[in-house]
K.L.:
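Here it is, the structure in full.
Just follow the structure's listing: the first ligand is 1, and inside any ligand the first atom is 1.
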Amino acid sequence: MAQLWGGRFTKETDKLVYNFNASIGFDQKFYKQDIEGSIAHVTMLGKQGILTEEEANQIIDCLCKICADVENGELEIRDTYEDIHSFVEATLIDRLGDVGKKLHTGRSRNDQVALDMRLYTRLQVLETDELLKELLETILHIMEEHVDTIMPGFTHLQKAQPITLAHHMGAYFEMFKRDRQRMHDIYERMNYCPLGSGALAGTTYPLDREMTAQLLGFYGPTLNSMDGVSDRDYLIEFLSAASTIMMHLSRFSEEVIIWNSNEYQFVEIDDAYSTGSSIMPQKKNPDIAELVRGKTGRVYGALMSLLTTMKGIPLAYNKDMQEDKELSFDAMDTVKGCISLFNGMLATMKFNKERMYASANGGFTNATDAADYLVNHGVPFRDAHGIIGRLVLYCIEQNKAIDELSLAELKAISPVFEEDLFEAVSMETCVSKRLTIGAPGQDAMKQVIEYARAYLSEE
Ligand code: ARG
């Protein structure tokens with residue numbers, strides 16, 4: 001048990017209390033950010049003459065060495081320290097002696113941890129964005145390949161109207177594009193540096209907060225020191241955006257699971273992304289999609305947990321805020337892992353065009369277009385709806401699709417039908433005539449694909 005604050009205490013901390021209070025078990029995850037922040041702080045202290053240049057340089061060199069030693073395994077982060085901040089500072093003092101004791105001048109662990117968490121989250125925002133971009137590339141590739149691949153579109157999980165696979169994928173493209181935009185928004189709002197906020201009320205040392213902000217890649221310093229140490233909004237925003245990503249991935253997973261089922265067989269998940277059963281030799285299960293769907297709950301949980309933790313905290317720092325870490329770290333790793341595994345599964349998935357076409361063709365997905373045919377021949381829409389309803393009923397009784405009926409059978413239901421009905425209700429016509437922007441018609445789809453290409457090549 002090694003502490004930075006023994007001076008005013010007359011007794012040792014109870015062992016259970018120490019363990020309950022300690023965070024080193026999880027905050028060591030941002031040791032790099034902690035050292036990076038300390039280096040910026042000391043560089044600034046040296047420039048401001050608060051430490052001599054020589055002292056500053058000695059500390060910086062030693063911090064760099066500590067970082068390298070942790071990285072290559074020579075220095076083990078031991079849980080005899082309360083948190084990562086204590087570990088780094090104690091190691092520095094151990095190696096440098098009295099000069100090391102000057103590192104914490106003009107700083108509190110409150111602004112230090114606020115900085116570390118922000119730096120770590122900022123990195124997660126960038127990494128998540130990059131993974132989303134890779135996923136969008138995969139989706140766009142499928143869109144480009146499948147502009148003519150006809151499949152049924154569903155509402156209520158009932159076949160509704162014919163669409164294309166490109167169109168279906170395009171919906172997910174839009175969702176994950178918005179998820180990227182959310183990452184960008186979070187970055188813009190969060191990229192201000194809390195270092196220099198002190199414990200809560202700034203400090204009397206002449207710190208140059210602009211300088212540390214700039215050294216650490218921030219737009220500038222935060223403008224209220226109480227808010228600086230106690231703001232976790234950016235983390236809540238990240239968890240909220242991460243929850244939305246998981247919700248999108250979960251919906252997509254659900255579709256993959258349905259499409260991969262024996263009944264549908266719209267897709268085949270690659271062997272590398274499927275698993276078998278220990279008892280049923282014939283099985284090939286979509287476990288990855290199921291796990292992604294299942295892990296959504298943990299990310300939602302992290303969001304709810306942090307919102308609840310934060311709701312009762314008076315200004316400024318309170319120890320409750322230490323609870324911002326474990327679930328957030330888990331959510332960050334989960335969302336990144338899920339995006340990249342889902343991407344791998346999608347990129348290797350085979351689409352069964354024939355099954356999709358047959359499914360669209362056999363399910364009266366052209367009933368709306370048949371009604372529209374009557375409307376184009378002067379029948380009011382409500383009457384046309386009724387006529388096609390009767391037509392569908394007749395088809396079900398005869399076990400036939402609309403275009404499998406003879407003209408005589410059609411005319412028995414409405415004399416308005418002519419030979420050109422067959423062309424008007426073919427799957428190809430139903431799709432290609434839907435040409436408003438955003439619709440599945442090939443020309444509209446190609447336009448949207450062009451926009452998507454341009455968007456992905458922007459950066
Ligand atoms: N481990 C603490 C946390 O995660 C660091 C800040 C401690 N500050 C304090 N005043 N006890 O929040």
K.L.:
Which residue owns the protein heavy atom closest to atom 11 (N) of ligand 1, what's the atom, and how far is it?
P.N.:
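Sorting protein heavy atoms by distance from atom 11 (N) of ligand 1 puts R109 NH2, 3.9 Å first.
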K.L.:
Applying a strict 4.0 Å limit to heavy atoms, is K325 in contact with ligand 1?
P.N.:
yes
K.L.:
Could you measure the distance from the CG atom of L306 to the NZ atom of K311? Nearest 0.5 Å is fine.
P.N.:
13.0 Å
K.L.:
Is it true that the side chains of Q442 and D148 contain a donor and an acceptor less than 3.5 Å apart?
P.N.:
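Yes, a side-chain donor-acceptor pair sits under 3.5 Å.
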K.L.:
Pull out every atom of ligand 1 sitting under 4.0 Å from any heavy atom of S23, numbered as shown with elements.
P.N.:
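Taking each heavy atom of S23 in turn, ligand 1 has 1 (N) under 4.0 Å.
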K.L.:
Considering heavy atoms of the protein only, find what lies nearest to atom 1 (N) of ligand 1 and give residue, atom and distance to 0.1 Å.
P.N.:
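Protein heavy atom at minimum distance: Q322 OE1, 2.8 Å.
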K.L.:
Nearest to atom 7 (C) of ligand 1, what protein heavy atom do you find, and at what distance?
P.N.:
Y317 OH, 3.6 Å
K.L.:
With nothing but distance in play, are any N or O atoms of H85 less than 3.5 Å from an N or O of ligand 1?
P.N.:
no
K.L.:
Could you tell me whether K433 atom NZ has more than 12 heavy atoms of other residues or ligands within 6.0 Å of it?
P.N.:
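No - once you tally the heavy atoms of other residues, nucleotides and ligands closer than 6.0 Å, there are 12 at most.
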K.L.:
Is the ring centre of H248 less than 6.0 Å from the ring centre of Y172?
P.N.:
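No, they do not, as the ring centres are separated by 6.0 Å or more.
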K.L.:
As an exercise, identify every atom of ligand 1 less than 4.0 angstrom from a heavy atom of N110.
P.N.:
8 (N), 9 (C), 10 (N)
K.L.:
Provide the closest heavy-atom pair for G46 versus E53 in the form atom of the first, atom of the second, distance.
P.N.:
O-OE2, 3.4 Å
K.L.:
Looking at side-chain heavy atoms only, is the closest gap between Q112 and S38 below 4.5 Å?
P.N.:
yes
